[in-house]
Amino acid sequence: MSGSIDMNSLVEKVRNAGVVGAGGAGFPSYVKIQARADVLIANGAECEPLLYKDQTVIQRFSAELLQGMALLMEQTGASRGVIAIKEKHQDSISHIEPLLPGNIELKQMRNTYPAGDEYELVYEITGNRIPAGGLPKDIGVLVQNVETLVNIARAAQGHPVTRTMITVHGEVEHPFTAWLPIGMRFADVISLAGAITCDDPVVIDGGAMMGQVVDDMDTPISAVSSGLLVLPRDTNLVRRRSETEQQYKRIGKSGCDQCTLCTEMCPRYLLGYPIQPHLVMRSLLTTGEVSETLSVHAQACCECNICTLWACPEQLNPRDICVSTKRDLKANDLWLTPQQLQGQTREVHSMREYRGVPSQRLTRKLGLTKYDSKTAHWKDMDVAPSRVVIPLHQRMGQQPEPVVKTGDMVVEGAVIATTPGAGMGVPLHASISGKVTLMDGFIEINAVN
């Protein structure tokens, strides 16, 4: 599959195309693929309830997915390729399995959350743990989301990233999944699903467990957008996801009875990493050296939200308290080194196998069962919005700077911003053709008739 591609230029092609991790924080892919690896994992486990973008990629763009894997296996030296899919997605499994070459296998993950977490995937597939505070490359593994692999295959052919695969679900008439131009407004994206079927809607951007609550429908989608979940503002899930730091710290300080369930159900704790949310909750009651000693147990938190939305019987918010604590650890120069974290790592918990959070029960607890009967199937459409607003800072790394100015005309795929100097980052590309307007932190493009 990759014989026509010069491996020495693949890194450059991936960078020039603006490829970033489509399954999470948007880490520039050209950096990850420079490492050597023994195993390449294509992450199609898709943990978040209601999302269907990864399954759409696997079923509809399997040739490009496998081409992207072949390119990276040659680039990194990996001899083993694995596609990870949850057991429940038999439609994806039955489609892709007959297409696999001899050096790529299928791993059926349990129907639990967070099966698609990088640490979970690596352990389940290789039997080895990523070092605490480390990366998969430290043990010879490269993990890429399935959409990212398609984008890498396209980058090898000179095609930049101008669209993102996104699921729209919840209080809409017709849930769907589609490739849509980066920079489309939430309102325009959601309108493609028909009417909103609730009063006073808000959007959870990215998934019920780890996404962000957004009520500004002019917010644009980015290269890392994966799902827009439309929900009524007064639902319990939205209320809990909308708590301010002052609220969740005040309530946590007064309400936590140290039952330890947040820790006992934490997937990273069960893998042996030094994360104990109940001790972080205890730090709300202490100051000085005692508080510092308790706070460091937040650093290994992966922010999956099991502690808050599944485990805590008091409906407290250990996850966001861990997030705030991690911020404060960095600000106060208390961040532990990977070596220090690794020194606190324990053996994998003997009950880990029995403490996975079942996906179906999680969906019910989140109040999303009414939507789960509808699958957001692929919608093949050529959307041409009249206006896009492309965020300059939508990925990890250095923020790119515009190379266009107000009034310039650009065509779809043209470079509109690049990373200055030798900083880590990737360029941005126009997702539609039109006229440029520079805004603070954004580049607006309006189509011209």
**Student:** Answer yes or no: is there a side-chain heavy-atom contact under 4.5 Å between V389 and I443?
**Tutor:** no
**Student:** Would a 4.5 Å heavy-atom cut-off, applied to side chains only, mark R319 and L309 as touching?
**Tutor:** no
**Student:** Does a side-chain N-to-carboxylate-O contact under 4.0 Å join E124 and R110?
**Tutor:** no
**Student:** Can you list every pair that meets side chain to side chain donor-acceptor pair (under 3.5 Å) and has a residue in residues 266-277, with sequence neighbours left out?
**Tutor:** D117-R268
**Student:** So, K86 and E120, do they make that salt bridge, N to O below 4.0 Å?
**Tutor:** no
**Student:** With sequence neighbours excluded, tell me which residues meet ring pair (Phe, Tyr, Trp, His ring centres under 6.0 Å) with Y52.
**Tutor:** H377
**Student:** Does any non-hydrogen side-chain atom of I416 lie less than 4.5 Å from one of H429?
**Tutor:** no
**Student:** Would you call M73 and I104 a side-chain contact if the rule is heavy atoms closer than 4.5 Å?
**Tutor:** yes
**Student:** Is atom CD of E347 surrounded by more than 12 heavy atoms (other residues, nucleotides or ligands) closer than 6.0 Å?
**Tutor:** no
**Student:** Please walk me through it: do M217 and R185 pass side-chain contact (heavy atoms from CB on, under 4.5 Å)?
**Tutor:** CA-CA 7 Å; M217 293 294 182; R185 300 186 311 141; 5.7 Å; no
**Student:** Please tell me if the side chains of I275 and H297 come closer than 4.5 Å, counting only heavy atoms from C-beta onward.
**Tutor:** no
**Student:** Between T164 and S225, do the side chains contain a donor N or O and an acceptor N or O under 3.5 Å apart?
**Tutor:** no
**Student:** So is R364 actually on top of W310's ring, under 6.0 Å and inside 45° of the axis?
**Tutor:** no
**Student:** Under a plain distance cut-off of 3.5 Å, with no hydrogens placed, do T308 and N317 share a side-chain donor-acceptor pair?
**Tutor:** yes
**Student:** Going by atom types only, do T260 and H278 share a side-chain donor-acceptor pair under 3.5 Å?
**Tutor:** no
**Student:** Decide, yes or no, whether a salt bridge links R327 with E245 under the criterion of side-chain N to carboxylate O below 4.0 Å.
**Tutor:** yes
**Student:** Under a 4.0 Å threshold between the charged nitrogen and the carboxylate oxygen, would E147 count as salt-bridged to K53?
**Tutor:** yes
**Student:** Can you spot which of P114, C312, P318, C266 makes a side chain to side chain contact (heavy atoms under 4.5 Å, CB included) with I306?
**Tutor:** P114
**Student:** Do the charged groups of D38 and R80 touch, with an N to O distance under 4.0 Å?
**Tutor:** no
**Student:** Could you tell me whether R361 atom CZ has more than 12 heavy atoms of other residues or ligands within 6.0 Å of it?
**Tutor:** no
**Student:** State whether a side-chain donor-acceptor pair under 3.5 Å links E12 with Y30.
**Tutor:** no
**Student:** If you count the non-hydrogen atoms of other residues, nucleotides and ligands that lie under 6.0 Å from NZ in K330, is the total more than 12?
**Tutor:** no
**Student:** Could you tell me whether the side chain of V141 reaches within less than 4.5 Å of the side chain of V143, counting heavy atoms only?
**Tutor:** yes
**Student:** Report the C-alpha distance between D215 and R233 in whole Å, list the side-chain angles of each, state the deciding distance to 0.1 Å, and finish with yes or no for salt bridge (Lys or Arg N to Asp or Glu O under 4.0 Å).
**Tutor:** CA-CA 9 Å; D215 56 14; R233 188 185 300 272; 3.5 Å; yes
**Student:** Show your working on side-chain contact (heavy atoms from CB on, under 4.5 Å) between S29 and V31 and close with a plain yes or no.
**Tutor:** CA-CA 5 Å; S29 297; V31 177; over 6 Å; no
**Student:** Quick one: does T263's side chain get under 4.5 Å of L261's, heavy atoms only?
**Tutor:** no
**Student:** Can you list everything that forms a ring pair (Phe, Tyr, Trp, His ring centres under 6.0 Å) with F186? Sequence neighbours excluded, please.
**Tutor:** none
**Student:** Using side-chain heavy atoms (C-beta onward) and a distance below 4.5 Å, is F61 in contact with V146?
**Tutor:** no
**Student:** Using a 3.5 Å distance criterion without hydrogens, assess whether the side chain of S431 forms a donor-acceptor pair with backbone atoms of R163.
**Tutor:** no
**Student:** Evaluate salt bridge (Lys or Arg N to Asp or Glu O under 4.0 Å) for K249 paired with E243, printing each intermediate quantity in order.
**Tutor:** CA-CA 10 Å; K249 284 188 172 179; E243 287 181 335; over 6 Å; no
**Student:** As a test of understanding, state which of Q108, E97, Q55 forms a side chain to side chain contact (heavy atoms under 4.5 Å, CB included) with I85.
**Tutor:** Q55
**Student:** Output yes when a side-chain donor or acceptor of R241 lies under 3.5 Å from a complementary backbone atom of G211, and no otherwise.
**Tutor:** yes
**Student:** Give a yes or no on whether the backbone of V11 and the side-chain of Q34 come within a donor-acceptor separation of less than 3.5 Å.
**Tutor:** no
